[in-house]
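Only heavy atoms go into these numbers, but all of them, side chains included; no hydrogens, no water, no symmetry mates. Starting from 1, each residue takes its place in the sequence as its number.
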Amino acid sequence: MTIDFSKFYRYDELTDLLQGLVNKHPDLLRIDSMGESYEGRQIWVLTLTRFASGRAEDKPALWVDGNIHAAELLASTAVLYFLDHMLRHATSDPTVCHLLDTRSFYLVPRLCPDGAELALGDRPRHIRSSTRAYPFEDYPLDGMVIEDIDGDGRILSMRIADPNGGWKPHPEDPRVMIPREPGEIGGSYYRILPEGRVLQHNGVEFKLNPDREGLDLNRNFPSDWRQEYKQPGAGPYPTSEPEVRAMVDFVCCHPNIGAAVSFHTHSGVILRPMGTEPDDKMIPEDLWMYKRLSAAASRHTGYPAISIWHDFKYHPQQVISGTQDWIYEHLGALFWVVELWAPNRAAGIEKYSFIDWYREHPPEDDLKLLKWSDEVCGGQAHVDWRAFSHPQLGPVEIGGWDRMNFWRNPPAKLREAEVARFPAWLKQLAGILPKLVLLELDVACLGDTSGPLHPKGAKLFLIRMAVENSGYLPSYVSRRALERKTVRGVIFEFFPIANPAVTQPDPGHEIVVLGATECLGDHDFSAEARPYLRCMHGSQRVEGPSLEGHAAKQSLQAFLPDRGVTAQRCLHQWQIAALPGTRVELIARTERAGRLRQTVVLE
């Protein structure tokens, strides 16, 4: 099945595409619904792993989502491209083969299906996220409503000649409008408005109405949630919106997720936490790791990687919280936001501020962008002004920058190249996750047991189980996770397995059976099949230490050596009195490094 990366798929097409991929790759791919959107569409999550090598839930996992904002459609394409890359190389690329064998991937191409469907309509509307009315239900009765007024499938700008207008044609190319200089007089000036219709126009003034659908799903997450007056679009309470609640529920139910990436548009930059506090408030070890891994992301993608707090504020006094804050600050998993696509960079504009440029930039930049529109985009990124008889405003001109199709998203022919930057980085992120591996498993018979507590024939066994974290990151992933107590050390436990062939002890002996249903997890035995087993030393379930990864803590030139030379490893031992032939399942598990299951026979 071929994916057309130059195309943005409507919801039904996307659903068919995903179902088709699952049908073609049942050994690698599963599709589930995380929940329903506000309008009742299923929010699809794909589980990607080699199922023959173990359950997805027993492997460390990477989460990748896209399109939480309605019109940021390239974000969906980025997730699809990574999925396609992994499927195409599932048997030919050793790295991909290893990752599919040992890791899981949870992929959500479209978190906001309702808003995306609105953006992809024949007469599109570009809202922020969900289509639910917020903060109020009221439809506007007066003022301007932004919409495609001339029916050409685009929402552009309108200009009206006005001697007191704030905009003027560029002196070198009158097609592009630039700000009027302070105190400038004597030229041709214009008032510029979004394309749309005006309700109850009195011939003089009107307001520009906000979208009735004012939610920003990326502001609805639990971490540092604030009310509307402080953070517009945040919703009435954290996770009030079904799309966000579905994601939060899924991630919380899958503690094996150790790292996550969310694709957005646009700016051509990778954003790291924190959004609500400066770097000097972050746990230093986490900051050092974030900087190291973000630098690697830049090398793979060509995108700069920056701090949200220090380098990506919409306003110097505004604090922004979103998914990245919740996943890192609450859960202690690593998280990045990728703002795909930078049209200004594509036009050759360099060394600009990601936020300040949109408030003010040199007029020369507009000429570079216009040249890019003419030569690369067939003159469609900037549409020539054309006369239009507006039903309320009379003669106007419609044209200017096509923000949806060339700014918020790149033109069709450039889409695949833009998202092709990311598989290598995403694979590296998955590859550095902690991974629990078996280092040693040994069973030794220590001889006969004696005393009235043990049935005839019972013997004493010593079980040694040693595990190691083979990953780069520690089993806890971040110090924030330890601080917030969202992870534990390695949990060791064992369960006897029913074996009717084992000779039952004599009726006259006192029998100690680890066999009550309530203490055996998934194991449920009949009284006749319960094996005799008594734990003499070591609890049936015990928490061991967290395990470090193989990431270097310091250079070899450091004054003092790293003391944790075996901090990746852990050994646990049990002494068990049991009848020979008893089968026991041994488990070592962590929230983020995966789970090991081994069965041994005591003999």
Problem set entry | Step-by-step side chain to side chain contact (heavy atoms under 4.5 Å, CB included) determination, V248 to V244 | CA-CA 6 Å; V248 168; V244 175; 4.1 Å; yes
Exercise. F335 and W63: aromatic ring centres closer than 6.0 Å?
Worked result: no
Exercise. What is the distance from atom OG of S53 to atom CG of D27, rounded to the nearest 0.5 Å?
Worked result: 10.5 Å
Problem set entry | Any donor-acceptor N/O pair, R226 side chain to D224 backbone, under 3.5 Å | yes
Exercise. Ignoring hydrogens and geometry, is there a side-chain-to-backbone donor-acceptor pair from T449 to A577 under 3.5 Å?
Worked result: no
Problem set entry | Sidechain-backbone polar pair: R589 side chain, E493 backbone, donor-acceptor under 3.5 Å | no
Exercise. Is the backbone N or O of D58 less than 3.5 Å from a side-chain atom of R595, with the two atoms forming a donor-acceptor pair by type?
Worked result: no
Exercise. Between W309 and T276, does any side-chain donor sit less than 3.5 Å from a side-chain acceptor?
Worked result: no
Exercise. Does W225 reach the main-chain N or O of A234 with its side chain, forming a donor-acceptor pair under 3.5 Å?
Worked result: yes
Problem set entry | Between CZ on residue R592 and CG on residue L433, distance to nearest 0.5 Å | 10.0 Å
For this session: Keeping the roles fixed (side chain from R480, backbone from L331), state whether a donor-acceptor pair exists under 3.5 Å.
Result: no
Exercise. Where does the angle between the aromatic ring planes of W574 and H572 fall among parallel (under 30°), tilted (30 to 60°) and perpendicular (over 60°)?
Worked result: perpendicular
Exercise. Can S294 and W336 be counted as having a side-chain donor-acceptor contact under 3.5 angstrom?
Worked result: yes
Exercise. Any side-chain donor-acceptor pair under 3.5 Å between Y11 and D114?
Worked result: no
Exercise. In terms of side-chain geometry, is the basic nitrogen of R245 or D249 positioned less than 4.0 Å from the acidic oxygen of its partner?
Worked result: no
Exercise. Under a 4.0 Å N-O cut-off, is there an ion pair linking R30 with D32?
Worked result: yes
Exercise. Between S478 and G332, what is the shortest heavy-atom contact and its length?
Worked result: OG-O, 2.6 Å
For this session: Look only at the side chain of S298 and the backbone of Y303, and say whether a donor-acceptor pair between them is shorter than 3.5 Å.
Result: yes
Seminar exercise, completed: Scanning both residues in full, the closest heavy-atom pair of L426 with L62 reads O-CD2, 3.5 Å
For this session: Using modelled atom types only, decide if a donor and an acceptor are shared between the side chain of T590 and the backbone of A593 within a distance under 3.5 Å.
Result: yes
Problem set entry | W288 side chain to D286 side chain, donor-acceptor N/O pair below 3.5 angstrom | no
Exercise. Any sub-3.5 Å donor-acceptor pair from T582's side-chain atoms to A578's backbone N or O?
Worked result: no
Exercise. Going through the checks in order, is the side chain to side chain contact (heavy atoms under 4.5 Å, CB included) test met by F492 and Q540?
Worked result: CA-CA 8 Å; F492 291 94; Q540 186 179 354; over 6 Å; no
For this session: Start with the C-alpha gap between N220 and T239, add the side-chain angles, then the distance that decides, and say whether side-chain hydrogen bond (donor to acceptor under 3.5 Å, both in side chains) holds.
Result: CA-CA 6 Å; N220 191 232; T239 71; 5.7 Å; no
Problem set entry | Residue among I68, V338, N67 satisfying side-chain contact (heavy atoms from CB on, under 4.5 Å) with H264 | I68
Exercise. Quick one: do R488 and E543 make a salt bridge, cutoff under 4.0 Å?
Worked result: no
Problem set entry | Contact summary for M86 and L48, nearest pair of heavy atoms | CB-CD2, 3.7 Å
Exercise. Out of T49, N256, T102, which residue meets the side-chain hydrogen bond (donor to acceptor under 3.5 Å, both in side chains) rule with K59?
Worked result: T49
Problem set entry | Check: R50 side chain, A90 main-chain N or O, donor-acceptor pair, under 3.5 Å | yes
Exercise. How about S262 and D65: does a side-chain donor come under 3.5 Å of a side-chain acceptor?
Worked result: yes
Problem set entry | Pair K553 + E548, salt bridge at N-O below 4.0 Å | yes
Exercise. V337 and F312: side chain to side chain contact (heavy atoms under 4.5 Å, CB included), yes or no, with the steps?
Worked result: CA-CA 11 Å; V337 167; F312 207 79; over 6 Å; no
Exercise. Are the aromatic rings of F250 and Y106 close, with centres under 6.0 Å apart?
Worked result: yes
Problem set entry | Electrostatic pair R41-E36, nearest N-O below 4.0 angstrom | no
Problem set entry | Which atom of P26 lies closest to which atom of N23, heavy atoms considered | CD-O, 3.4 Å
For this session: Go through I306 and R272 one step at a time and tell me if the side chain to side chain contact (heavy atoms under 4.5 Å, CB included) criterion holds.
Result: CA-CA 6 Å; I306 62 175; R272 63 162 176 84; over 6 Å; no
Problem set entry | The single option from P113, S33, S37 passing side-chain contact (heavy atoms from CB on, under 4.5 Å) against Q42 | S33
Problem set entry | Straight-line distance of F495 CZ to E585 CD, nearest 0.5 Å | 7.5 Å
